[in-house]
Amino acid sequence: MIKKGNLYFPTKEFKKRALIKSAAIYKTAAKNPIKFWEKLAKELLWQKKWKKVFSHRPPYFKWFVGGKLNITENCLERNLEKRKNKVAFIWEPEPIAAPNGRASPSKTGREERERYFTYYDLYREVNKLANALKKLGVKKGDRVGIYLPMIPEAIISMLACARIGAIHTVVFSAFSPQALRIRLQDTTAKILITADGYYRKGKIINLKQNADKGVKSTKVKKVIVVKRAKNEIPWQRKRDLWWSDLIKNEKEFCKPAAMDSEDTLFILYTSGSTGKPKGIVHTTGGYMVQANFTGKWIFDLKEDDIFWSMADVGWITGHTYSCYGPLLTGTTFLIFEGAPDWPTPDRWCKIIEKYGVTTFYTAPTAIRMFEKYGIKLLKRYTFNTLQILGSVGEPIDTAAWQWYFKEVGREKCPIVDTWWQTETGGILITSLPGIGPFKPAFTGLPFPGLRVNILDEKGKSLPVHKEGNLVILPPFAPGLLRGVYKNPKKYLETYWSQYGKRIYFTSDTAYRDKNGLIRIVGRVDDVIKVAGHRLTTGELESAIAKHPDITESAVVGIPDEIKGEVPVAFVVSHKKRKAETIAKEVREQVRKEIGPIALPKKVYLVEDIPKTRSGKIMRRILKRLFTKEKLGDLSTLANPESVKKIKEVIVK
Ligand code: WT7
C-alpha cells in the first residue's frame, strides 16, 4: 500500500490485478444510477426481462419491475457451465481439543474433517432438499424457519427455500427459544429446519432442545433435524424428521420457481425499539444484483480467491457474504463452526494459512480480541496469501485499524471498512480496493451509483467535517429493504419519517472529510452494538420487565475495550431483594428472552431511575456515569437525587 499523508492507496501491482481500478466508474454511475444498475443486472440470468428498472411511490419502490428469475439458478446453474467441479465452499468444523486446550486429533470418533462442496455437489444437495420441502407441502411464498449453526446445511437450506420460492427466516442459533418463538409466530412458519446440536468452545449445545421449546405455540408442523453432534435429543415421532432420511430418495433436479423480481426472498429479524424484533423484508431481483456486485467488486473476488467472512448465517452479513454474494460470483468461500480463538487463540490464523485465504472479513470486536492476545502469537504466520481485509458492524477505531493493517495485512492489504445495515441488504459505503483511498476510522466512499447525504435536524445538507444524520437518496440501492413484515407503520416511522417519504433515514450519524470519505460516528436511536451484534435498550428492558419483582428498569450501552459496547442494567424492585440475587436473576431473564449475546455486564439494584419531569428515563445521564463525559445539568430532572445514589451503588 502507498501512503500519502493520512491516506492509503493500492500499489500499481495491486491495481493491475483489481477488477475495478478506475475512479471513472463513480462518474458514470452518478450520471444515471438507474441505468448503471440496469447494465449490471443484465450480466445475471433472468427468466424474463424487466419492463421497468425502477419505480417509486414513496415510501415504496421497486427494482427490475416485471422481471422473473430464480436466484439459485444464478448461484448454481450459472456456475455449472464453467465451474462444475470448483469448490463452492469449505466447511471447517470446530476442532477437538485435548485437555491442555490444544487442538488434537480425534479419539472420540467425532467427525472433525473439513467438508468441501463443489458447485455441482451443492446443486444436487439444494435440489434434493427443495424436492423434499415440496413434498412436505411447502409452497411458493410460505415461510420456513432455519435455526441452524454454521454447518453446510444452513446454506443448503436457504438455497432450497429460494429454489421453490419459499421465504426463509434464519434465526441465529444462539438465540433463545423465546426469541425463536417470536420469529416463528410472526412469520407463521410451518416448517423449521434445525440440528441436534453443535460445538462451541468444546461444549455441545443442544439446539434441538431449544428448538422444541421454541416451536411451542407456533404453527410449526414439521421439524427437520440435521445430525451434527450426535448428542441425545428429545424426539416427537409424528413431527420430527431426520434431514438424511428426508432427502435420501429425492431427485437431483427440482425446477426453479419463477420468482417475480419483487417477490420476497427472505425475512431477517433485527432488534426493534420495543421487545418485538422487526422482520426486515428483502426481495429477489434487486437483492441479487446488489449482493453480486458489492461482493465481487468490494472483495475483488476473482476465480482463484478464497473468501472468508467470519459472520454467522444468522445475521445479514452471513446471508449476503457467506451465501448469496460469493455463490453468485462463483467464488470459493469458507464457513467455520465454533469460535475464532478456541481451542487456541490463533485458530483464525491457522484457518487463514490452512486454506490460503485471500480475503478475510471480520468485525472490529474480533480484531480487538485478536489484538489483546498479543502479536507474539502472530509471528508464526506469514499471512502471505491475504490480499484484502474487511471490517463490518461498528466503527473501527484508529488503533484497531492500524493493528489490523500492520499485523494481519502486513501493510500490503487494503482494509475495506464496509458500512451497511440489515436493512440495506448489501454493503453501501466503502472504498473499492483497487481505487481507494483508505483512511483509518473512515469507512470510505459511497458505492458507485449510491447517493447519500449528511443532514442537520432540519434537513439542511451539512458541509465537510460537520456531523449529522446519514441519509440515502433515491434511487437508493436495489437491495434496500421493501418493508417490515406485517408492519407498514413501523416501516414508515423508522425509515421514512425523519425527512419525509423520499429520504431513507439510516439512524446513523456521520461526517465527511475533504476527500468525501465518510466517517460513521454512531447511532442516534437506542441501538447498542455489542460485539457487533445489534441490540436495543428497549428490547432488553422489555425482557427484564418480565421479572415479577422488577418495577422498572433502564439499560444503557457503556464502552468496552473488546466488545465496543456492553449493556448494563439499572433495576428497581418493589420487593426487598438482595442485589446479587436479583442481578443473577435478571441476567437469567435476559438469557431466556433473548440469548447469551445480550447478557448485561452488570445489573445494579437501585432505588430510583433518573427521569425528566414528563417521566422520560434519562439514559444519557446513566451512560455518562461510565464515561469521562460531564453529567450535565441535572436540574431538569424530576429526581436529581437519584443520580447521586446510583453513583454510590456503582462504586460499590
Ligand atoms: C448498524 C447496522 C451490516 C452488517 C452488520 C451490521 C453499524 C455497520 C459499520 C461500519 C461503522 C457500522 C451502523 C449500522 N455499522 N457497519 N463499517 N462502520 N458502523 O448490521 O446489525 O443491521 O447494524 O451497524 O450503526 O447502522 P446491523
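Counting starts at 1 for both ligands and their atoms, following the listed order.
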> Which residue and non-hydrogen atom of the protein lie closest to atom 23 (O) of ligand 1, and at what distance in Å?
Replying inline: Lys529 NZ, 2.9 Å

> Around Lys501, counting heavy atoms of other residues, nucleotides and ligands shown, do more than 12 lie under 6.0 Å from its NZ?
Replying inline: no

> Is any NZ, NE, NH1 or NH2 atom of the basic residue among Arg368 and Glu394 found under 4.0 Å from an Asp or Glu carboxylate oxygen of the other?
Replying inline: yes

> In the protein, what heavy atom is nearest to atom 4 (C) of ligand 1, and what distance, to one decimal place, separates them?
Replying inline: Thr317 OG1, 3.2 Å

>> Tell me the contacting part of Ile520 for ligand 1: side chain, backbone, both, or neither, using a 4.0 Å heavy-atom threshold, strictly below.
In response: side chain

> Among protein heavy atoms, which lies nearest atom 11 (C) of ligand 1, and at what distance?
Replying inline: Pro395 N, 3.1 Å

>> Heavy-atom pairs closer than 4.0 Å: do any link ligand 1 to the side chain of Gln421, the backbone, both, or neither?
In response: both

>> Would Arg519 pass as a cation-pi partner of Tyr511, given that its NZ or CZ must be under 6.0 Å from the six-membered ring centre and within 45 degrees of the axis?
In response: no

> Around Lys592, counting heavy atoms of other residues, nucleotides and ligands shown, do more than 12 lie under 6.0 Å from its NZ?
Replying inline: no

> Does the distance from a Lys or Arg side-chain N to an Asp or Glu carboxylate O, for Glu565 and Lys623, drop under 4.0 Å?
Replying inline: yes

>> Under 4.0 Å, heavy-atom basis, I'd like to know which part of Thr418 is in contact with ligand 1: side chain, backbone, both or neither.
In response: backbone

>> Whether Glu423 and Arg534 form a salt bridge (side-chain N of Lys/Arg under 4.0 Å from carboxylate O of Asp/Glu) is what I want to check.
In response: yes

> So which heavy atom in the protein is nearest atom 2 (C) of ligand 1, and how far is it from that ligand atom?
Replying inline: Trp420 O, 3.6 Å

> Can you check whether Tyr321 and Phe307 have ring centres sitting under 6.0 Å from each other?
Replying inline: no

> So which heavy atom in the protein is nearest atom 20 (O) of ligand 1, and how far is it from that ligand atom?
Replying inline: Thr422 N, 3.8 Å

>> Can you report which non-hydrogen protein atom sits closest to atom 7 (C) of ligand 1, along with the distance?
In response: Gly393 O, 3.3 Å

> Where is the nearest protein heavy atom to atom 25 (O) of ligand 1: which residue, which atom, and how far?
Replying inline: Asp508 OD1, 2.7 Å

